[in-house]
Structures are given as C-alpha cells and as structure tokens.
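Okay, so here's the structure we're looking at.
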Amino acid sequence: MDVDIDVEYDVKLFLARSLQTLIFQDGNLSSGSLEALIQHIVPTSDYYPDRTYIFAFLLSSRLFIRPHNLLAEICQVCIFQQNLAQDRIDKGSLGKFGPHIVNLLSEWTELFPYDFRDERMKTHLKDITHRMLAIYPELRKEVSAMMHNLVIKLARLSKYEEMLGKLNSEALQSAHAQVVPTTDIIEVCPSPLVLAQQLTHIEMERLSMIGPEEFVQAFAKEEMNTETTFRDIKKTSNLEAYVQWFNRLSYLVATEITSHLKKKNRVKMIEYFIDVAKECINIGNFNSLMAIIAGMNLSPVARLKKTWAKVNTAKFDILEHQMNPWNNFGCYRSCLKAAMWRSQGAVEDREKIVIPFFSLFVKDLYFLNEGCSNKIDGGHINFEKFWQLAKQISDLIAWQQVECPFKKENKALHYLLTSPIFSETTLSLASFECEPPENSFDKQRHKTLKSEAGL
C-alpha cells in the first residue's frame with residue numbers, strides 16, 4: 001500500500017521502539033512510548049485490543065500524532081508484521097487478522113467518523129479494506145456496512161452544518177431588518193412544559209453532533225505552533241455552535257423580558273421563564289436551565305428592581321440555589337448525579353435524558369488537561385490522564401445516544417432559533433426604557449449609550 005512520503009519511516013526501527021515496555025499499575029495501562037501505544041492498538045491473528053483502550057487511544061493520540069499519520073502507521077505495521085507486501089499471501093497463516101483489522105477500522109469509523117472528512121483518511125481506509133477483501137472476500141458484507149454507515153454519518157453532519165448556516169443567516173436578516181416584534185414567546189408557546197420540551201429538542205440535537213475528538217482538539221489548539229496546523233486536524237465546529245446556542249438562549253430570555261414596557265408583562269414573562277426552567281430540571285435539561293438563569297441574571301434584567309419586587313421569587317431562589325457556583329457547583333453536581341442514576345435505570349427515553357451544563361463539563365475537562373501533564377519522566381505518554389479523559393467523555397457519548405421523545409412544535413422551535421435578540425447595548429437601552437436609571441452611575445451609562453446609538 002502506498003503511503004505519503006511524510007509518514008514513511010523505518011518499520012523495523014518503529015517496532016524496535018515499540019518493544020519499549022508499556023507500564024501497568026494494578027493491571028491498568030499507565031504509560032508508554034507513542035510507538036508502544038500504537039503497537040498496542042494493532043491487531044494480529046490472535047490479539048484484538050480492548051474496546052476501552054481503542055476509544056481512549058484514538059481520542060488522545062491526536063495530541064501527539066495526526067489521525068491520518070496514525071492510520072498510515074497502523075497500516076504500515078500491519079503490512080510488515082503480516083507480510084502483506086508479498087506477491088503470494090498464505091491466508092491460513094493470517095488467521096483472524098483480517099476480521100480483526102476490519103473490526104478495528106469499523107470501531108474507528110463508528111467512534112470518530114469526522115476523522116474521515118480528511119481525504120487522506122478515506123484513501124488509507126479504502127487501501128487497507130481493498131487489500132483485506134482481496135484476501136478475505138467473505139468480509140465484503142462487513143466492509144460495505146462500515147462504509148455505508150460512515151457515509152450516513154458524514155452526510156448527517158453536512159446536513160446539520162447546512163441547517164445551522166441557514167438558521168444563522170435567517171437570524172441575522174431578522175436582526176438587520178429591525179422589525180418591531182408583534183408577538184412574544186408566551187403567545188407562540190403558552191405552556192412552560194412544552195417550551196422546555198422544545199428547548200430539549202434543540203439541546204439534544206446540538207449535543208449529539210459534537211464529536212468526542214472536538215474536546216481534545218480544543219486542547220490541541222493551544223499546543224499547536226501555527227493556525228494552519230490546527231486547521232489541518234480540525235474538521236468541525238459543533239462544539240463552538242453549541243456554546244453559541246447557550247449564549248443565544250440567555251440573550252433571548254433577556255430580550256423577551258426587556259421588550260415589554262408594561263411592568264405586569266415583564267413580571268409575567270419572568271415567572272414564565274422560571275416555570276420553563278423548573279420543567280427543564282424535571283426533564284434533566286441542565287444546559288437550558290442554566291442559560292435561562294444566566295439570562296435573568298444579565299445586568300439589564302437584574303437591575304429591574306420594581307419588576308422583580310412583583311415577581312414570586314421563591315421558585316427562582318430554589319433554582320438559583322441548585323445552580324449556585326459555591327463549592328464548585330456542588331448542588332448542581334448532586335442533581336446531575338441523580339439524573340445520571342435515573343438515566344441508567346430507565347426504560348423510557350424521557351427518563352434517560354441527561355443534558356449537562358455544558359460550559360462546566362468543558363471546564364472540568366480543561367482542568368483535567370491542565371492539571372496533569374501529557375508526558376511523564378522519560379518521555380512516556382501519561383496514559384492514566386487519558387483514561388480519565390476518556391471516562392468523562394464516554395459519559396457524554398451515552399447521553400448523546402438518547403432520542404428526544406417529545407413532540408416537535410415547529411412554530412416554537414423556529415421562534416427559539418431565529419427570533420431577533422438584542423445586542424448588549426440594545427438590551428441596556430431597553431432596560432432603561434423599562435425602568436429609568438436611578439443612581440448617578442446608571443444615569444451616566446444611559447446617557448453614554450444613547451449618545452453612542454445616536455439617540
């Protein structure tokens with residue numbers, strides 16, 4: 001099999017290096033050289049790597065070697081070890097090697113399909129599968145199924161990205177049109193429960209599209225020397241799109257509240273969103289819950305003292321307590337554990353839903369990455385760290401598999417995704433229209449904002 005010049009190397013030297021010992025502690029792999037770790041994932045006639053190792057290594061290896069180079073090296077090692085370069089190959093001596101390598105490739109395309117957006121990955125995949133089919137024609141069904149599933153996953157990604165582009169374009173057009181709203185979220189969706197369900201639809205779709213490798217790529221970005229190198233490994237932006245959705249929802253909440261000049265309507269809107277947030281907790285949708293709380297805690301909403309004085313804040317206080325950052329979000333983490341426990345024993349999809357507070361999930365991964373070095377003394381890769389990373393991300397993968405069981409309300413979904421939201425400046429101006437500034441600081445800020453807006 002032909003391999004790019006930049007991945008050609010002395011296979012014998014590679015295998016010699018790979019014999020450097022993998023270090024195990026209490027039966028668990030704790031460290032090893034990159035060569036040894038690569039060798040550990042390569043199947044043979046009588047060896048197949050553990051599935052948890054496959055996931056952990058394919059996830060973390062991209063911090064040290066690009067996926068297309070890794071796949072090329074695995075192919076080269078297979079060719080050398082199994083003597084696949086010979087003109088005449090003894091299938092009997094290969095044993096179960098063919099089914100094993102096809103199975104490994106199937107797991108890779110299943111766990112990290114976005115890697116195969118790279119044409120170099122597709123080329124390596126086609127080359128090795130063609131080589132295997134020439135020896136093991138009975139594997140054609142498995143190879144066809146693998147390729148078919150990969151095409152479906154990549155087509156779904158492209159369709160999702162196209163949909164996001166259209167929604168963003170529509171939201172921008174609405175914002176530029178500066179049309180005065182003729183309706184609000186309560187008119188569009190009077191039931192807080194139904195709105196919480198529609199928010200869950202959006203959350204679950206966006207969460208499900210994030211590839212596990214995107215978290216590691218976020219760390220890799222800081223370690224790459226040039227932007228081109230980063231672009232070379234990053235093929236998706238689903239993680240960023242999900243963070244943008246959180247920000248949009250927070251600003252949508254604030255926009256809906258400050259759009260009403262009548263105090264009683266603002267009170268009604270705040271109490272409506274409190275009820276929506278409560279339903280989100282019951283569902284297990286912690287990300288929408290936190291976005292709603294964040295929206296109500298934005299300064300233009302939080303300063304509306306006369307409005308808040310009329311709100312029944314008992315329920316809001318309970319929600320805020322559960323999402324309080326004190327003790328590293330201790331109350332939220334207890335709620336999340338309860339939701340995870342419910343999910344693990346659930347039969348119905350509605351009880352399986354776990355949508356974590358995503359920014360905190362990413363922050364936990366970030367601190368795990370920052371708190372442990374990638375390599376230990378002697379240059380070995382610190383695989384204990386990557387076991388932990390894989391464990392946390394595998395929790396998320398389980399949550400991504402759940403189907404949203406609620407009926408879609410397209411009118412509400414469209415409103416949530418495309419309704420114009422105020423900018424920070426417009427929010428502040430709207431807030432001062434709702435309740436005029438009372439102290440000198442607010443009066444000066446109001447004056448400055450009006451001047452900047454040309455009012």
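Position 1 is the first residue of the sequence; numbering continues from there.
Note: K278 NZ to L193 CG = 9.0 Å, rounded to the nearest 0.5 Å. Between I381 atom CD1 and L63 atom CG the span is 9.0 Å, to the nearest 0.5 Å. Here the straight-line distance linking atom CZ of R350 with atom CZ of R342 works out to 10.5 Å at 0.5 Å rounding. S30 OG to I376 CD1: the interatomic distance, rounded to the nearest 0.5 Å, is 6.5 Å. Atom-to-atom distance recorded for Q198:CD and K408:NZ is 9.0 Å, nearest 0.5 angstrom.
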CA sep, side-chain torsions, deciding dist, call: L417, W245, side-chain contact (heavy atoms from CB on, under 4.5 Å) | CA-CA 9 Å; L417 292 166; W245 155 247; 4.2 Å; yes
Could you walk me through whether N297 and E320 pass side-chain hydrogen bond (donor to acceptor under 3.5 Å, both in side chains), step by step?
-> CA-CA 10 Å; N297 278 325; E320 276 211 307; 2.8 Å; yes
Please walk me through it: do N382 and S31 pass side-chain hydrogen bond (donor to acceptor under 3.5 Å, both in side chains)?
-> CA-CA 5 Å; N382 178 12; S31 66; over 6 Å; no
Worked verdict on Q400 versus S208 for side-chain hydrogen bond (donor to acceptor under 3.5 Å, both in side chains) | CA-CA 5 Å; Q400 287 177 315; S208 73; over 6 Å; no
Is there a side-chain hydrogen bond (donor to acceptor under 3.5 Å, both in side chains) between E170 and H414 once you walk through the steps?
-> CA-CA 10 Å; E170 194 171 336; H414 189 261; 2.6 Å; yes
Ring pair (Phe, Tyr, Trp, His ring centres under 6.0 Å) between F316 and W308: does it pass, once the steps are laid out?
-> CA-CA 11 Å; F316 185 65; W308 282 100; 5.3 Å; yes
Check the pair F246 / F358 against ring pair (Phe, Tyr, Trp, His ring centres under 6.0 Å), numbers first and verdict last.
-> CA-CA 9 Å; F246 180 95; F358 192 65; 9.4 Å; no
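Salt-bridge formation is not detected for the pair E240/R206: no Lys NZ or Arg NE/NH1/NH2 atom is positioned less than 4.0 Å from an Asp or Glu carboxylate oxygen. With salt bridges taken as basic N to acidic carboxylate O contacts below 4.0 Å, one links K352 and D349. Salt-bridge formation is detected for the pair E110/K153: a Lys NZ or Arg NE/NH1/NH2 atom is positioned less than 4.0 Å from an Asp or Glu carboxylate oxygen. Using a 4.0 Å cut-off between a side-chain N of Lys or Arg and a carboxylate O of Asp or Glu, K91 and E138 qualify as a salt bridge. We find that E162 and K159 are not joined by a salt bridge, their nearest charged nitrogen and carboxylate oxygen being 4.0 Å or further apart. A salt bridge links E107 with R51: the distance from a Lys NZ or Arg NE/NH1/NH2 to an Asp or Glu carboxylate oxygen falls below 4.0 Å. The residues R66 and D118 are annotated as not salt-bridged, no charged nitrogen and carboxylate oxygen being separated by less than 4.0 angstrom. A salt bridge between D395 and K391 is present, with a side-chain N of the basic residue lying under 4.0 Å from a carboxylate O of the acidic one.
When side chains are defined from C-beta on, L199 counts as touching C280, because their heavy atoms get closer than 4.5 Å. Residues Y272 and D275 form no side-chain contact, since every pair of their non-hydrogen atoms from C-beta on lies 4.5 Å or further apart. Inter-residue side-chain proximity for N282 and E279 is flagged as met; some heavy-atom pair is nearer than 4.5 Å. Proximity of M132 to V143: side-chain heavy atoms (C-beta onward) are nowhere separated by under 4.5 Å. Taking 4.5 Å as the limit, some side-chain heavy atom of L125 sits within range of a side-chain heavy atom of M147. Looking at V362 and V243, their side chains never come closer than 4.5 Å, going by heavy atoms from C-beta outward. Looking only at side-chain heavy atoms (C-beta outward), F422 and Y251 stay at 4.5 Å or farther from each other.
Residues Y160 and E205 have side chains that never bring a donor and an acceptor to within less than 3.5 angstrom of each other.
Nearest heavy-atom pair, L319 versus I274, reported as atom, atom and distance to 0.1 Å: CD1-O, 3.6 Å. A291 and S250 make their closest contact through O-OG, 3.0 Å (heavy atoms, listed as atom of the first residue, atom of the second, distance). In plain terms, the two heavy atoms of P43 and Y48 that are nearest each other are CB-CD1, 4.0 Å. Taking each heavy atom of V276 and A196 in turn, the nearest pair found is O-CB, 3.8 Å. Here the closest non-hydrogen pair linking P99 and L139 is N-CD1, 3.7 Å. Of all the heavy atoms in L154 and R117, the pair that sits closest is CD2-CG, 4.0 Å.
Without hydrogens or angle criteria, Y47 side chain to I41 main chain gives no donor-acceptor distance under 3.5 Å. A side-chain donor-acceptor contact under 3.5 Å links E214 to the backbone of G211. For T418 (side chain) and L167 (main-chain N/O), no donor-acceptor pair under 3.5 Å exists by modelled atom type. E256 places a side-chain N or O within 3.5 Å of a backbone atom of I185 that can act as its donor or acceptor partner. The closest donor-acceptor contact from the side chain of T236 to the backbone of N238 lies at 3.5 Å or more, if one exists at all. Without hydrogens or angle criteria, R303 side chain to S431 main chain gives a donor-acceptor distance under 3.5 Å. In this structure a side-chain-to-backbone donor-acceptor pair under 3.5 Å is missing from N69 to I65. Between the side chain of N287 and the main chain of I355, no donor-acceptor pair closer than 3.5 Å is present. Proximity of a side-chain donor or acceptor of D90 to a complementary backbone N or O of G92 within less than 3.5 Å is detected. Side-chain atoms of S343 never come within 3.5 Å of backbone atoms of A339 as a donor-acceptor pair (strictly under, hydrogens ignored).
A distance of 6.0 Å or more separates the ring centres of F57 and H40. For F361 and F215, the distance between ring centers is under 6.0 angstrom. Taking the six-membered ring for Trp and the full ring otherwise, F383 and Y53 have centroids separated by under 6.0 Å. Ring centroid separation for the pair F286 and Y332 comes in under the 6.0 Å cut-off. Here F112 and F55 bring their ring centres to under 6.0 angstrom of each other.
Ring geometry for W108 against F116 counts as perpendicular: the plane angle is over 60°, on a 0 to 90° scale with 30° as the lower cut.
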